[in-house]
Amino acid sequence: MLDIKFVRNNPQAVKAALAKRGNTVSIEAFLSSDEERRKRLVDVEQLKNKRNVVSQEIGKLKQSGQPAEDLVLEMRNVSQQIKDMDEEIKQIEEKLEYMILTIPNMPNESVPVGTSDADNLEVRKWGEPRKFAFEPQAHWDIGEALDILDFERGSKVTGARFTFYKGLGARLERALINFMLDLHTGQHGYTEIFPPFMVHRDSMVGTGQLPKFEEDAFRVQNTEYFLIPTAEVPVTNLYRGEILEGAKLPIYHCAYSACFRAEAGAHGRDTRGLIRQHQFNKVELVKFALPENSYEELEALVANAEKVLQLLELPYRVVALCSGDLGFSSAKTYDLEVWLPAYNTYREISSCSNFEDYQARRANIRFRRDAKGKVEFVHTLNGSGLAIGRTVAAILENYQQQDGSVAIPKALQPYMGGLERIAKV
RNA sequence: GGAGAGAUGGCUGAGUGGUCGAAAGCGCUCGACUCGAAAUCGAGUGUACCUUACGGGUACCGUGGGUUCGAAUCCCACUCUCUCCGCCA
């Protein structure tokens, strides 16, 4: 969430920043409630002070055997008043909290201004889309033909947007997970985490999925547990409520997890194939950084994610999201988009964001530079490194052969038991 | 699932209705001593909010309620941890 004091002191700047997102939240409504709260707080705290002082007097009177009935009666009244005022303040605070939790982050200065993904800025391209001597097939057709993906039975057993991987398809998924984790832990300095796949409400609030986007999440019946939409949630919340040692920053974590998304509002989009599933696998990168370094850390994180695509020799481009396309909690986001021949376009395969102190403030993740220093909020970052299902789709489509088989990228072959291609059995 | 014990500051741990934001020790910071270090001695050392010139106030002893003039302390519910039994991958 935003710094309430900053909002109070710079309402115009906040409004201008949020306007770049096309956000219409009323800062005025927030500020008037905020003022109301403070006004009442002053009153009730005065009363509480009176109660504290007089209560001590009563104690002394009673100890010395003197009567204190009139004071007790008076304080009985005061206490009731305090109770009523506390109740009113609580109502206001609940309203305020909901408001501040539903105000998105402010875009960083460097974010291009725009209203939709059409205004996103291509930063760089890597690799050349392959020229096919034949009509390239979509990955769902390739996968079904090779009997390594089974969408029909996925729907039968669970429902739409669920898929069975079979044989070398399942092996490919597992190989990619291991390949990516090995790369990030071995070459990029990330410490591996294997997180819970369910978290409670506070964790979802901490990273920004709640309270605003509850309809996007799967909640476990009769509990307050949510299936994680990304490992970002449990891994960022690892240090929730903690004060970290400044000397230990930055902290790099990577984590494999399954991800669960309700995809509310995505009906009819990407209905075929692996692109948009209710359950998919992902290797996530998470960083906890010093505020002054977070933008360098973002560039490095993007480079770490790009490395996966480079090693797999998949053509991609890097896009800087414009202000209107930015995620709720993000101050700046780069998307990695991989080339998908059957779509004849680049599709998102990784999203790398700097949240600055927005999540840290929600999740109360702080650090102290040294023993004497004041506590400060860390900056949190994360990015996919990469989405596994979409990587499988990209490999199937980019590495397909005329005979229907699919070559396996060199870097991945050791993870496939040395296998060089997936062919029909 | 059954029975029991517990949750206090960075840590250990005292505190069963008032003067307790909280003893003591450890740790940490600063200072003294020292050529330097250790040891020793002295001072300091939570977070948030409100107000503000200095300063002051309020809240927080797992979480949420309740009793009371007054709650770390009493009552209720919940969460988590530990021990024993049962069950289980």
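Only heavy atoms go into these numbers, but all of them, side chains included; no hydrogens, no water, no symmetry mates. A note on names: the letters A, B, ... follow the listed sequences, proteins ahead of strands, and every chain is numbered from 1.
With rounding to whole Å, Met85(A) atom CE is found 13 Å from U58(B) atom C1'. Rounded to a whole Å, the CG atom of Leu47(A) is 12 Å from the P atom of U58(B). To the nearest angstrom, P of A71(B) lies 11 Å from NZ of Lys48(A). Atom CD of Glu245(A) is separated from atom P of U29(B) by 12 Å (rounded to the nearest Å). If you measure from atom CD of Glu242(A) to atom P of C11(B), you get 11 Å, rounded to the nearest angstrom. Distance His200(A) NE2 to C78(B) P: 19 Å, rounded to the nearest Å. Going from atom CD of Glu93(A) over to atom P of A48(B) covers 16 Å, rounded to whole Å.
To the nearest whole angstrom, the two P atoms, one in A7(B) and one in G44(B), are 30 Å apart. Here, A23(B) and A72(B) have their P atoms 15 Å apart, quoted to the whole Å. Remark: the separation of the P atoms in G62(B) and C11(B) is 13 Å, to the nearest Å. Rounded to a whole angstrom, the distance from the P atom of A39(B) to that of G27(B) is 8 Å. With P as the reference atom, G25(B) and U40(B) are 13 Å apart, rounded to whole Å. G31(B) sits 42 Å from G70(B) when the C1' atoms are compared, rounded to a whole Å. Straight-line distance between the C1' atoms of A32(B) and G36(B): roughly 15 Å, to the nearest whole Å. U73(B) and A22(B): their C1' atoms are spaced 12 Å apart (whole Å).
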Name every donor-acceptor pair, under 3.5 Å, that has one atom in a side chain of residues 187-200 of chain A and the other anywhere in the protein, sequence neighbours excluded.
| from | atom 1 | to | atom 2 | distance (Å) |
| --- | --- | --- | --- | --- |
| His188(A) | ND1 | His184(A) | ND1 | 3.1 |
| Tyr190(A) | OH | Asn304(A) | OD1 | 2.7 |
| His200(A) | NE2 | Arg240(A) | NH2 | 3.1 |

If you look only at distance, which donor and acceptor atoms sit under 3.5 Å apart when one is on a side chain in residues 17-26 of chain A and the other is two or more places apart or in another chain?
| from | atom 1 | to | atom 2 | distance (Å) |
| --- | --- | --- | --- | --- |
| Arg21(A) | NE | Asn105(A) | O | 2.6 |
| Arg21(A) | NH1 | Leu326(A) | O | 3.3 |
| Arg21(A) | NH1 | Gly327(A) | O | 3.2 |
| Arg21(A) | NH2 | Asn105(A) | O | 3.2 |
| Arg21(A) | NH2 | Gly327(A) | O | 2.9 |
| Arg21(A) | NH2 | Phe328(A) | O | 3.4 |
| Arg21(A) | NH2 | Ser330(A) | O | 2.8 |
| Asn23(A) | OD1 | Val25(A) | N | 2.8 |
| Ser26(A) | OG | Glu28(A) | N | 3.4 |
| Ser26(A) | OG | Ala29(A) | N | 3.0 |

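With no hydrogens or angles considered, a side-chain donor-acceptor pair links Glu397(A) and His139(A) at under 3.5 Å. Inspection of the Thr380(A) and Gln359(A) side chains reveals an N or O donor paired with an N or O acceptor under 3.5 Å. For the residue pair Lys332(A) and Ser353(A), no side-chain donor N or O sits within less than 3.5 Å of a side-chain acceptor on the partner. With 3.5 Å as the limit, one finds no donor-acceptor pair spanning the side chains of Arg51(A) and Asn49(A).
Here Lys90(A) does not reach the OP1 or OP2 of G64(B): none of its side-chain N or O atoms lies under 4.0 Å away. Applying the 4.0 Å criterion to OP1 and OP2 of G70(B), one finds that Asn52(A) has every side-chain N and O outside that range. Dashed line: the shortest gap from a side-chain N or O of Arg368(A) to OP1 or OP2 of U47(B) is under 4.0 Å. Contact between the side-chain N/O atoms of Asn49(A) and the OP1/OP2 oxygens of U58(B) is found at a separation under 4.0 Å.
Judged as a side-chain hydrogen bond (donor to acceptor under 3.5 Å, both in side chains), the pairs with a partner in residues 251-263 of chain A (not counting sequence neighbours) are, in order, Tyr239(A)-His253(A), Tyr252(A)-Glu297(A), Tyr256(A)-Asn281(A), Glu263(A)-Arg276(A). The stretch residues 404-425 of chain A participates, sequence neighbours left out, in these ring-ring contact (aromatic ring centres under 6.0 Å, His included) pairs: Phe179(A)-Tyr415(A). Within the structure, salt bridge (Lys or Arg N to Asp or Glu O under 4.0 Å) contacts touching residues 300-314 of chain A (residues at least two apart or in different chains) are Arg124(A)-Glu306(A). Residue pairs that meet the salt bridge (Lys or Arg N to Asp or Glu O under 4.0 Å) test with at least one member in residues 155-179 of chain A, sequence neighbours left out, are Asp147(A)-Lys166(A).
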Nucleotides 66-69 of chain B: which of its N/O atoms have a protein N/O under 3.5 Å away?
| from | atom 1 | to | atom 2 | distance (Å) |
| --- | --- | --- | --- | --- |
| U67(B) | OP2 | Lys83(A) | NZ | 3.3 |
| C69(B) | OP1 | Arg76(A) | NE | 3.1 |
| C69(B) | OP1 | Arg76(A) | NH2 | 2.5 |
| C69(B) | OP2 | Arg76(A) | NE | 3.4 |
| C69(B) | O4' | Val72(A) | O | 3.4 |
| C69(B) | O3' | Ser79(A) | OG | 3.2 |
| C69(B) | O2' | Ser55(A) | OG | 3.2 |
| C69(B) | N4 | Lys62(A) | NZ | 3.4 |

Scan nucleotides 49-53 of chain B against the protein and return all N/O pairs shorter than 3.5 Å with their distances rounded to 0.1 Å.
| from | atom 1 | to | atom 2 | distance (Å) |
| --- | --- | --- | --- | --- |
| C49(B) | O2' | Arg37(A) | NH2 | 3.1 |
| C50(B) | OP1 | Arg8(A) | NH1 | 3.1 |
| C50(B) | OP1 | Arg8(A) | NH2 | 2.8 |

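For Glu215(A), there are no side chain to side chain donor-acceptor pair (under 3.5 Å) partners, not counting sequence neighbours. Checked against side chain to side chain donor-acceptor pair (under 3.5 Å), Lys50(A) has the following partners two or more places apart in sequence or in another chain: Glu74(A). With sequence neighbours excluded, the residues forming a side chain to side chain donor-acceptor pair (under 3.5 Å) with Glu284(A) are Lys282(A), listed by chain and number.
No engagement by Lys39(A) is indicated, since no non-hydrogen atom pair under 4.0 Å with the nucleic acid exists. Val44(A) comes within 4.0 angstrom of no nucleic acid atom, judged by non-hydrogen atoms across all strands.
Taking a pair as Watson-Crick or G-U wobble with both distances under 3.5 Å, the runs of three or more consecutive pairs in RNA chain B are B:1-7 with B:79-85, B:10-12 with B:24-26, B:27-32 with B:40-45, B:46-51 with B:55-60, B:62-66 with B:74-78.
A donor-acceptor contact under 3.5 Å links the side chain of Gln63(A) to the base of U19(B).
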